[in-house]
Amino acid sequence: MSCEYLLLIFGLLMILGIALQRLWIGLFVKFKLGQTPKDYGPKRHILLKAGTPTMGGAIFIVLTIVALLFVKESYATKGEMFVLWWLAFGGGAVGLLDDLLKIARRSSEGLTLRQKLLAQIVVAIPWAWIAANQVPLYLLSSSSPLGFKTSFFILCFFAVGLYNALNITDGLDGLAAGASIASMVALLWTLEIPSCRLSLVIGLACALSFLWYNSHPARVFMGDVGAHFIAGLLMGNVVMSGYILLILPVSFIFGIEIISVILQIISFRCFGGRRIFKMSPLHHHFELCGWQEEHIVVRFWLIHIIGISLLGALIGWQVM
């Protein structure tokens, strides 16, 4: 698949994405629907972000379907298509259900934590089973391929983990979208597999056209549907590379965010209610320290890019 063809797909999807996001925002405004911030989040979010249109990630699914329907070249086998897209569409469906429940209830709560986790696992299991059979996975280039059972459990763990890590990161205007763009650019630079390159061009068009309206002050949020879709797309591409350790640079800032939540929970439950951070995930801690939202977002983007660069170089030396 030529670069010219990929650029054409990217440009057309960008235009379509910006137009569809505009229409999506208009629908939410017309019917007076929007985000309900969590009661236990920063108070400024309740004041400033309540009522903002959400579920912009639903447009990611629309754009992807349009792109895949109109691509004429036979660029991928059925197995590659499944490994690349199952997590994105399956996770997107879980996120969509969660978002719809929130909208219907006019609440910040959709699926319970257990329901969402169970749904994520149900999506991840068939994907991990087939991916472990389809793609030989390595830790290092000098090592033997991982066995089926090891691959299966590692894939399930990272798939569910990335769903939740990216979802947690989506808490400030442009944060998750911008970091995801950096991850996709890194993968596009690294992978030469035609099916991966096309999927990443589609993902970049989705995220960049969304960021047109999600940059501060955000006019739309991606919702769980968008966070789950992008997480699934990133995970699919990492697995197609054959080197599972690439998940570390690709999900660098997402990993930091979810680790901050885990540490906060452990500290609170095991040490008499003591907190490591003023609030988790980590971006909320810096909000409560007085940092401006735009500064947090840009600095987290830069930290993510540094993490991608350094970990990518370290892992690249080991797997090349």
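Quick caveat, the model's predicted, so the values are computed rather than measured.
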Leu113, CG atom: more than 12 neighbouring heavy atoms under 6.0 Å:
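Incorrect, the count does not exceed 12.
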Does atom CZ of Phe153 have more than 12 heavy-atom neighbours, drawn from other residues, nucleotides or ligands, at distances under 6.0 Å?
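No, the 6.0 Å shell around CZ holds no more than 12 heavy atoms from other groups.
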Is the side chain of [X] donor-acceptor paired with the backbone N or O of [Y] at a distance under 3.5 Å, no angle test?
X      : Y      : value
Asp173 : Pro217 : no
Asp170 : Leu166 : no
Thr190 : Ala186 : yes
Asp99  : Gly223 : no
Gln21  : Gly56  : yes
Ser267 : Arg274 : yes
Ser241 : Val238 : yes
Glu257 : Leu282 : yes

Exercise: identify the closest heavy-atom pair between [X] and [Y]:
X      : Y      : result
Cys206 : Ser209 : O-OG, 3.1 Å
Val250 : His304 : O-CE1, 3.4 Å
Leu155 : Ala132 : CD1-N, 4.0 Å
Val239 : Leu137 : O-CD2, 3.9 Å
Thr54  : Trp24  : O-NE1, 2.9 Å
Leu97  : Leu111 : CD2-CD2, 4.1 Å

Going by side-chain contact (heavy atoms from CB on, under 4.5 Å), Tyr138 matches just one of Pro145, Ser151, Ser144. Which one?
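Of Pro145, Ser151, Ser144, side-chain contact (heavy atoms from CB on, under 4.5 Å) with Tyr138 is met by Pro145 alone.
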Can you say whether the rings of Phe286 and Phe300 are parallel (under 30°), tilted (30 to 60°) or perpendicular (over 60°)?
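Perpendicular.
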Measure up the Phe89 and Trp85 rings against each other and bin them: parallel (under 30°), tilted (30 to 60°), perpendicular (over 60°).
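Tilted: the ring planes of Phe89 and Trp85 meet at 30° to 60°.
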Side chains of [X] and [Y]: closer than 4.5 Å at any heavy-atom pair?
X      : Y      : value
Val123 : Tyr163 : yes
Ile253 : Trp301 : no
Asn214 : Met222 : no
Lys116 : Asn167 : yes
Arg197 : Leu6   : yes
Ile103 : Met55  : yes
Ser251 : Phe158 : no
Val160 : Ile121 : yes

Separation between [atom1] of [X] and [atom2] of [Y], rounded to the nearest 0.5 Å:
X      : Y      : atom1 : atom2 : answer
His284 : Lys278 : NE2   : NZ    : 14.5 Å
Ile276 : His285 : CD1   : NE2   : 10.5 Å
Phe221 : Tyr213 : CZ    : OH    : 16.0 Å
Ile59  : Arg22  : CD1   : CZ    : 13.5 Å
Leu200 : Trp189 : CG    : CH2   : 14.5 Å
Leu204 : Ser199 : CG    : OG    : 9.5 Å

When you group the ILVMFWY residues by side-chain heavy-atom contacts below 4.5 Å and let the links chain together, are [Y] and [X] in the same group?
X      : Y      : value
Val29  : Leu23  : yes
Leu7   : Leu68  : no
Ile259 : Phe277 : yes
Leu13  : Ile15  : no
Leu8   : Met14  : no

Apply side-chain contact (heavy atoms from CB on, under 4.5 Å) to Phe254 and Ser180, showing your working.
CA-CA 9 Å; Phe254 312 132; Ser180 299; 3.8 Å; yes
Checking side-chain contact (heavy atoms from CB on, under 4.5 Å) for the pair Met235/Ile244: CA distance, chi angles, key distance, verdict?
CA-CA 9 Å; Met235 190 68 201; Ile244 192 61; 3.9 Å; yes
Working for side-chain contact (heavy atoms from CB on, under 4.5 Å), residues Leu33 and Arg106
CA-CA 8 Å; Leu33 302 172; Arg106 296 187 180 272; 3.6 Å; yes
Let me see the working for Leu310 and Leu314 under side-chain contact (heavy atoms from CB on, under 4.5 Å), right down to the final yes or no.
CA-CA 6 Å; Leu310 296 180; Leu314 179 63; over 6 Å; no
